[in-house]
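Small disclaimer: the values here were computed from a predicted structure and weren't measured. So you know, we letter chains A, B, ... as the sequences are listed, proteins then strands, and number each from 1.
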Number of protein chains: 2
Amino acid sequence: MDPVAGTAGTAGTAGTAGTDIRSRRRAQTRAEILDAAWRLGAQDGIAGLSLRELAREVGMQAPSLYTYFDNKAAIYDEMFAAGFQELDAALHDLDDLDVDGDPVEVIAGAIEVFIAFCRDSVPRYQLLFTRAVPDWEPSPEAYAVSVRSLDRMAQQLSELGIERPEHLDLLTALTTGMAAQQLANDPDGDRWQRLSRAAAEMFIAHVRS
Amino acid sequence: MDPVAGTAGTAGTAGTAGTDIRSRRRAQTRAEILDAAWRLGAQDGIAGLSLRELAREVGMQAPSLYTYFDNKAAIYDEMFAAGFQELDAALHDLDDLDVDGDPVEVIAGAIEVFIAFCRDSVPRYQLLFTRAVPDWEPSPEAYAVSVRSLDRMAQQLSELGIERPEHLDLLTALTTGMAAQQLANDPDGDRWQRLSRAAAEMFIAHVRS
DNA sequence: GTCTATATCCAGATAGAC
DNA sequence: GTCTATCTGGATATAGAC
């Protein structure tokens, strides 16, 4: 009943970082629910997620989910924010190459990683980068997470000398377009992913011209 | 009651090209229904189309729609095929430039036209180029229409000397990516559309290298 | 915290009278 | 060809017992 190693959380608040035994258990159940949501999203598309199914997947009845999340939109919100944090992590590894890397190598790596990230979880791709879920859009808080993530990407590019907005816009169109084509038209192959280097060469040549 | 200028259609068949008075009236009502479907799709997203709403929009009760279409999927199918025929028409005008045009000009024009086409009708864009409608995919017949349309586009590009599959794949990714970014992030502006020429220059320079 | 039962609302599709 | 009435099945969400 007492805090084990409390830092800030008050027992019983809605935070996910509580250290109280109860809140730890609660956080774990929430994580299980979100895991199950990704799993179901991979089966029926993220837009097809139903709370009944989700509850069954974690072995409870649908109304019990409301103990852990305010509503369905809150579940999407948490998944959305978590997805961008995973994108940050995936792109963070590229930082090692930034220092003395050829821009072509860095951009090629970034495109490659981005497409791989999208392929790694189709429902995550749908939730983060398409408007696949009707009647839902990220809450301001969740949206802020995505903005920060994209800002960091722009920051990394500016360190390569790519700073003109037109260039950034071209690159985002190219990269997201390649990912979209890959998932839509060759989900099990690498028809667009293997063009990452060619795309990077094309783009850098344009920036330098 | 008698055929007016019959060519082939038998009165009462499912064809849309009948010349019988009855079948002409039927074709017109079908067209009205499809018009209304595009209109509603612009309001709530093409995925949110409901047969009840659609019926109300054309002044009938929902079950009456089944006189004109087998089911909801058949409505989507006709809209899908019609959308690609409209794309053909939009791109057909570019043929005039093909003969002696600079490839950069032709590609820039094609990108520009494609983005404009997508912006011209968001629900059409959603239906043709995204997987926005859950539990629906085009029938083989409708799909064949889209394949023919894309084949024609590839044919036009090969006349410009762009024939390597890798180049076609890069161009489709770039073009669809620009359209997607335009609609998602600047629906009322031209932030990506105005980059059509820059994108074309970038692409052609790459092809020539 | 979990359950059963239910409220409320919506969907696509069919039966059968007129 | 159009209608009313209905079937069937789904959804999110809440009330209240335990």
Checklist entry - Can you list, by residue number, the residues of residues 33-60 of chain A that have a non-hydrogen atom closer than 4.0 angstrom to DNA chain C? => result A/M60
Next on the checklist: By the salt bridge (charged side-chain N to carboxylate O under 4.0 Å, His left out) test, which pairs, at least two apart or in different chains, include something from residues 59-75 of chain B?
Outcome noted: none
Next on the checklist: If the condition is ring pair (Phe, Tyr, Trp, His ring centres under 6.0 Å), which residues does B/F84 pass it with, not counting sequence neighbours?
Outcome noted: B/F80, B/F129
Please set out all donor-acceptor pairs under 3.5 angstrom arising from side-chain atoms of residues 37-46 of chain B, sequence neighbours excluded.
residue, atom, partner, partner atom, Å
B/R39, NE, B/E57, OE2, 3.0
B/R39, NH2, B/E57, OE2, 3.2

Next on the checklist: What is the first contacted nucleotide of DNA chain D and what is the last, in 5' to 3' order, if contact means an atom lying under 4.0 angstrom from a heavy atom of chain B?
Outcome noted: D/dG1 to D/dA5
Next on the checklist: My understanding is that only residues two or more places apart in sequence, or in another chain, count here; which of them pass side chain to side chain donor-acceptor pair (under 3.5 Å) with B/E201?
Outcome noted: none
Next on the checklist: Please enumerate all residues that pass side chain to side chain donor-acceptor pair (under 3.5 Å) together with A/E86, with sequence neighbours excluded.
Outcome noted: A/R124
Next on the checklist: Contact list please: residues 64-75 of chain B against DNA chain D, heavy atoms, distance less than 4.0 Å, in numerical order.
Outcome noted: B/S64, B/T67, B/Y68
Item to check | By side chain to side chain donor-acceptor pair (under 3.5 Å) - contacts of A/T130 (at least two apart) | outcome: none
Show every donor-acceptor pair shorter than 3.5 Å between a side-chain atom in residues 170-178 of chain B and any protein atom, with sequence neighbours excluded, or say none if there are none.
residue, atom, partner, partner atom, Å
B/T172, OG1, B/L168, O, 3.3
B/T172, OG1, B/D169, O, 2.9
B/T175, OG1, B/L171, O, 2.8
B/T176, OG1, A/Q181, NE2, 3.2
B/T176, OG1, B/T172, O, 2.7
B/T176, OG1, B/A173, O, 3.4

Item to check | Of all pairs that satisfy salt bridge (charged side-chain N to carboxylate O under 4.0 Å, His left out), the ones with a partner from residues 136-148 of chain B, not counting sequence neighbours | outcome: none
Checklist outcome for this item: Sorted by chain and number, sequence neighbours left out, side chain to side chain donor-acceptor pair (under 3.5 Å) with B/R131 holds for none
Next on the checklist: Quick check against the 3.5 Å criterion: does B/S121 have a side-chain atom that pairs as donor or acceptor with the backbone of B/F117?
Outcome noted: no
